[in-house]
Novice: 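Attaching a single structure in structure tokens format; questions to follow.
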Amino acid sequence: MEQHRTRTPQRRQPSPAPPAPPVGLGEATAAAGYPVSVAVAPAPATGQGVSGPRAGGVAPVVLALRRFPNPRLTGIGAGLFAALTMFLLACLDRLLLGASETVYGVLFLLVSALTAYWVRPADLVTAPIIVPIAFAVGVIPVAGGTGGFGGQTMAVVTALAVHAGWLYGGTLIAGLIASVRKVRQMRERQRHLVRADRAAAARRPRP
């Protein structure tokens, strides 16, 4: 009789799964076939932001000057500002420092520069005229005259003669700042006229 040979069943090895696609921006597919959203973290910013020390290539000094108040005072407004400021500073100088002439002179130079810088372009010519008047108004508390109106007037005249160097220095600073601003204003006006002429020539029909 023939005997049938029995073969032991062999296990089939599972076929290797296809490689998963690279995960990038968008959606990746899981093993079960369901879409899985992938969150991509933003790349770290290189360099400094806008609030850095050199935002947009602008120097920190320029940014500080841009944040500085920049009012535009009329001639009368600039005169009131300079006179009242010098009078108040002179009173503080007399109360705190015993009427220090050097401190008053340095403060006058600063006020003269601010007055010439803050006056509007139409009244630039008034800056060198305003600051000497403000110096005379502010020197009243510092002069320290006694004996009524006559004694006070003589003390003010004496203080103006003694401190003429500070007076001339503040007037010179105001005149220089006003002159520089006037020259810049004239150049900007000239550039505006040149641009307007070029624009008008570009709009003209060619023959």
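None of these values were measured; they are calculated from a predicted model. All residue numbers refer to positions in the sequence shown, counting from 1.
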Novice: How close do A90 and V142 get, counting heavy atoms only, and between which atoms?
Specialist: CB-CG2, 3.6 Å
Novice: Specify the closest pair of heavy atoms between P132 and I129, including all atoms of both residues, with the distance to one decimal.
Specialist: CD-O, 3.4 Å
Novice: Can you get from V139 to L96 by hopping between Ile, Leu, Val, Met, Phe, Trp and Tyr side chains that sit under 4.5 Å apart?
Specialist: yes
Novice: Do you know which two heavy atoms are closest between A78 and V119, and how far apart they sit?
Specialist: CB-CG2, 4.1 Å
Novice: Would you give the length of the straight line joining atom CG of D93 to atom CG of L107, rounded to the nearest 0.5 angstrom?
Specialist: 7.0 Å
Novice: Give me the atom names and distance for the closest heavy-atom approach of L109 to G170.
Specialist: CD2-N, 3.3 Å
Novice: Quick check on R181: does its CZ atom have over 12 non-hydrogen neighbours (other residues, nucleotides or ligands) under 6.0 Å away?
Specialist: yes
Novice: May I ask you to test the V137-M86 pair for a side-chain heavy-atom distance under 4.5 Å?
Specialist: no
Novice: Look up atom CZ in R189 and atom CZ in R184, then write down how far apart they are to the nearest 0.5 Å.
Specialist: 14.5 Å
Novice: Quick check on the hydrophobic clustering: are V106 and V131 connected, directly or via other members, by side-chain heavy-atom contacts under 4.5 Å?
Specialist: yes
Novice: When you group the ILVMFWY residues by side-chain heavy-atom contacts below 4.5 Å and let the links chain together, are I76 and V111 in the same group?
Specialist: no
Novice: How many angstroms lie between atom NE2 of H163 and atom OH of Y168, to the nearest 0.5 angstrom?
Specialist: 13.5 Å
Novice: Can you hop from V157 to L167 via hydrophobic side chains spaced under 4.5 Å?
Specialist: no
Novice: Find the distance between CG (L89) and CZ (R94) and round it off to the nearest 0.5 Å.
Specialist: 15.5 Å
Novice: Look at the side-chain heavy atoms of Ile, Leu, Val, Met, Phe, Trp and Tyr, link any pair under 4.5 Å apart, and say whether V156 and V162 land in one connected group.
Specialist: no
Novice: For the CG atom of L114 and the CZ atom of F81, what is their distance to the nearest 0.5 Å?
Specialist: 5.5 Å
Novice: Is the distance between the ring centroids of F135 and W166 under 6.0 Å?
Specialist: no
Novice: Looking at G138 and P141, what are the two nearest heavy atoms and their distance?
Specialist: O-CD, 3.1 Å
Novice: Nearest 0.5 Å please: distance from the CG atom of L176 over to the OG atom of S112.
Specialist: 11.5 Å
Novice: Check A159 against A143 and note the closest heavy-atom contact, atom names and distance.
Specialist: CB-CB, 4.2 Å
Novice: Whether the side chain of T126 engages the backbone of D123 through a donor-acceptor N/O pair (distance < 3.5 Å, no angle test) should be reported.
Specialist: yes
